[in-house]
*Asks:* 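Pasting a structure below so you can have a look.
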Amino acid sequence: EGRYHAFIDGSWNLRPLPQGGVIAAVALRAMSDALDDPTQRLRTMHTLFVGQVADGELDIEVDILRRGRSMTHVRAHVHNPGSSNGHVTTAVFGATREGFEFTELRRPLVPPPEECPSFRDPPPPGVPQFPPNPFWATRVEGRGALGVAPWEDVEVRTAEQATWYRFDDPPWLDGGECIDPFAIVLLADTMPGAIGQRLGPTERPWFGPSVDLTVHLCGDCHGPWVLGHNTARWAGDGYASVDMALWDGDTLVAYATQISFFTFLDGG
């Protein structure tokens with residue numbers, strides 16, 4: 001009871017570990033099973049990336065911290081067998097309650113996905129071409145809708161971008177009515193791109209691993225395309241604060257925040 005086993009293959013990898021959001025989704029699936037209450041759905045989750053989790057075999061330990069009639073608090077630890085540290089996720093599942101409705105965020109006006117360049121398109125002649133990460137090549141397609149390409153040099157740069165996302169194998173629920181909300185959590189963990197928009201090309205190649213990930217689930221996604229509006233709010237001391245709003249049409253599906261840190265690929 002409360003102990004689960006899973007397997008993640010290498011197609012989910014990003015530099016070079018599985019994307020953190022898919023590990024969080026595994027934790028949430030185990031939490032939902034342990035909760036076993038279809039009246040309570042995921043409302044918010046927070047993951048701390050305490051230790052690295054590699055592809056392959058996974059162990060998940062789930063603890064029900066507090067079970068209520070309309071709200072339950074759950075914690076899960078995902079790690080590779082034999083490793084003491086991994087990803088620690090806490091989440092709140094809650095039933096529908098009486099309240100009020102409004103959305104203050106606004107979706108940006110962008111071209112439709114069919115008019116936007118895909119991450120899978122080759123770069124222009126003369127631009128170095130790197131082997132694509134398996135995650136972007138086989139699992140999730142991204143199409144840039146707002147911002148500039150990594151190789152472009154412009155005078156004014158903003159820490160803002162928007163990207164269309166689509167799963168190659170969409171995880172539909174309810175006979176194709178909506179996308180699994182745990183998969184929406186996966187899409188939220190794609191935030192360092194806004195930092196790249198602000199910095200532009202740099203002399204030292206860098207990467208922005210996650211310190212944490214917080215996602216608030218707001219609505220259902222009837223997809224298949226999801227628009228991610230991503231901004232970087234601050235960078236300093238080797239860290240950066242970023243956020244993401246995920247939209248299905250004019251419906252806010254999720255809002256996420258994250259602290260990432262800078263690591264340099266030249267060994268710095």
Side-chain angles (χ1 to χ4, degrees), residues 12-21 49 105-168 186-213 225-247 255-268:
W12 294 101
N13 283 353
L14 278 175
R15 294 183 188 272
L17 300 167
Q19 191 248 18
F49 300 99
L105 282 176
R106 292 294 177 264
R107 175 187 179 276
L109 296 176
V110 298
E114 58 269 17
E115 297 179 12
C116 299
S118 173
F119 290 0
R120 298 172 181 178
D121 294 339
V127 175
Q129 185 168 0
F130 300 97
N133 289 300
F135 178 87
W136 293 117
T138 65
R139 289 296 188 177
V140 176
E141 181 185 6
R143 291 178 173 256
L146 178 66
V148 296
W151 52 82
E152 291 187 15
D153 189 7
V154 296
E155 290 186 7
V156 179
R157 306 193 71 93
T158 63
E160 177 186 22
Q161 67 174 13
T163 306
W164 290 105
Y165 298 111
R166 178 174 64 177
F167 288 96
D168 286 80
L186 186 158
L187 295 179
D189 190 27
T190 55
M191 293 187 241
I195 304 170
Q197 287 290 331
R198 180 65 172 78
L199 297 178
T202 58
E203 292 184 1
R204 298 177 66 194
W206 61 275
F207 186 52
S210 305
V211 175
D212 72 337
L213 172 66
W225 287 103
V226 183
L227 180 67
H229 186 207
N230 174 207
T231 54
R233 303 295 182 174
W234 168 88
D237 290 336
Y239 299 85
S241 174
V242 285
D243 62 26
M244 171 81 79
L246 291 165
W247 296 89
Y255 177 75
T257 62
Q258 185 172 81
I259 290 288
S260 62
F261 64 95
F262 291 100
T263 183
F264 292 91
L265 305 183
D266 58 5

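Since the structure is predicted, the reported quantities are computational estimates derived from the model, not experimental observations.
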*Asks:* Show every salt bridge (Lys or Arg N to Asp or Glu O under 4.0 Å) that has at least one partner inside residues 122-132, sequence neighbours left out.
*Replies:* none
*Asks:* Considering all heavy atoms of both residues, which atom of Leu227 and which atom of Ala145 are nearest to each other, and what is their separation?
*Replies:* CD1-CB, 4.4 Å
*Asks:* Do Thr231 and Asp243 get their side chains close enough for a donor-acceptor pair, meaning under 3.5 Å?
*Replies:*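 Yes.
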*Asks:* Any non-hydrogen side-chain atom of Pro209 less than 4.5 Å from a side-chain atom of Phe49?
*Replies:*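 Answer no - side chains too far apart.
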*Asks:* How far apart are the closest heavy atoms of Pro201 and Arg157, and which atoms are they?
*Replies:*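 For Pro201 and Arg157, the tightest heavy-atom pair comes out as CD-NH1, 4.1 Å.
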*Asks:* Any chance OH of Tyr239 has more than 12 other-residue heavy atoms, nucleotides or ligands included, within less than 6.0 Å?
*Replies:*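 It does not: Tyr239 OH has 12 such atoms or fewer within range.
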*Asks:* Within this structure, what is the OH-CG distance for the pair Tyr165 and Leu246, rounded to the nearest 0.5 Å?
*Replies:* 7.5 Å
*Asks:* Which pairs count as salt bridge (Lys or Arg N to Asp or Glu O under 4.0 Å) when at least one residue sits in residues 130-144, sequence neighbours excluded?
*Replies:* Asp9-Arg139, Glu141-Arg143, Glu141-Arg166
*Asks:* Can you confirm whether Leu187 sits close enough to Phe167 that some side-chain heavy atom of one is under 4.5 Å from a side-chain heavy atom of the other?
*Replies:*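 They are in contact (side-chain heavy atoms under 4.5 Å apart), so the answer is yes.
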*Asks:* Check whether more than 12 heavy atoms from other residues, nucleotides or ligands sit under 6.0 Å from atom CG of Asp121, and answer yes or no.
*Replies:* yes
*Asks:* How many angstroms lie between CH2 in Trp206 and CZ in Phe264, if you round to the nearest 0.5 Å?
*Replies:* 9.0 Å
*Asks:* Is the backbone of Ser210 close enough, under 3.5 Å, to the side chain of Gln258 for a donor and an acceptor to pair up by distance?
*Replies:* no
*Asks:* Given side chain to side chain contact (heavy atoms under 4.5 Å, CB included), test Gln19 with Thr190 step by step and report yes or no.
*Replies:* CA-CA 9 Å; Gln19 191 248 18; Thr190 55; 3.9 Å; yes
*Asks:* So which atom in Pro128 and which in Pro123 form the shortest heavy-atom distance, rounded to 0.1 Å?
*Replies:* O-CG, 4.1 Å
*Asks:* Go through the steps to decide whether Phe262 and Leu199 satisfy the test side chain to side chain contact (heavy atoms under 4.5 Å, CB included), and finish with yes or no.
*Replies:* CA-CA 12 Å; Phe262 291 100; Leu199 297 178; 4.2 Å; yes
*Asks:* What's the separation between atom CZ in Arg233 and atom CD1 in Ile195, rounded to the nearest 0.5 Å?
*Replies:*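 So the CZ of Arg233 and the CD1 of Ile195 are separated by 12.5 Å.
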*Asks:* With side chain to side chain contact (heavy atoms under 4.5 Å, CB included) as the criterion, how do Gln197 and Thr158 come out once you've worked through the C-alpha distance, each side chain's angles and the decisive distance to 0.1 Å?
*Replies:* CA-CA 6 Å; Gln197 287 290 331; Thr158 63; 5.8 Å; no
*Asks:* Is it the case that the side chain of Trp164 and the backbone of Pro111 share a donor-acceptor pair, with hydrogens and angles ignored and the cut-off at 3.5 Å?
*Replies:*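 Yes, the answer is positive, given that a donor and an acceptor are paired below the 3.5 Å cut-off.
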*Asks:* Please round to the nearest 0.5 Å and tell me the distance separating atom CZ of Arg106 and atom CH2 of Trp247.
*Replies:*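 Interatomic distance, Arg106 CZ to Trp247 CH2, rounded to 0.5 Å: 7.0 Å.
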*Asks:* At what distance, to the nearest 0.5 angstrom, does CG of Asp168 lie from CH2 of Trp136?
*Replies:* 11.0 Å
*Asks:* Once rounded to the nearest 0.5 Å, what's the spacing between atom CD of Gln161 and atom CG of Asn230?
*Replies:*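 It comes to 4.5 Å.
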*Asks:* Specify the closest pair of heavy atoms between Ser260 and Gly208, including all atoms of both residues, with the distance to one decimal.
*Replies:*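 Minimum heavy-atom contact is CB-O, 3.7 Å.
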*Asks:* For Phe119 and Val140: C-alpha separation, side-chain torsions, deciding distance, then whether side chain to side chain contact (heavy atoms under 4.5 Å, CB included) applies.
*Replies:* CA-CA 10 Å; Phe119 290 0; Val140 176; over 6 Å; no
*Asks:* Does some side-chain heavy atom of His229 sit less than 4.5 Å from a side-chain heavy atom of Val110?
*Replies:*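 In short, these two side chains do not touch, never coming nearer than 4.5 Å.
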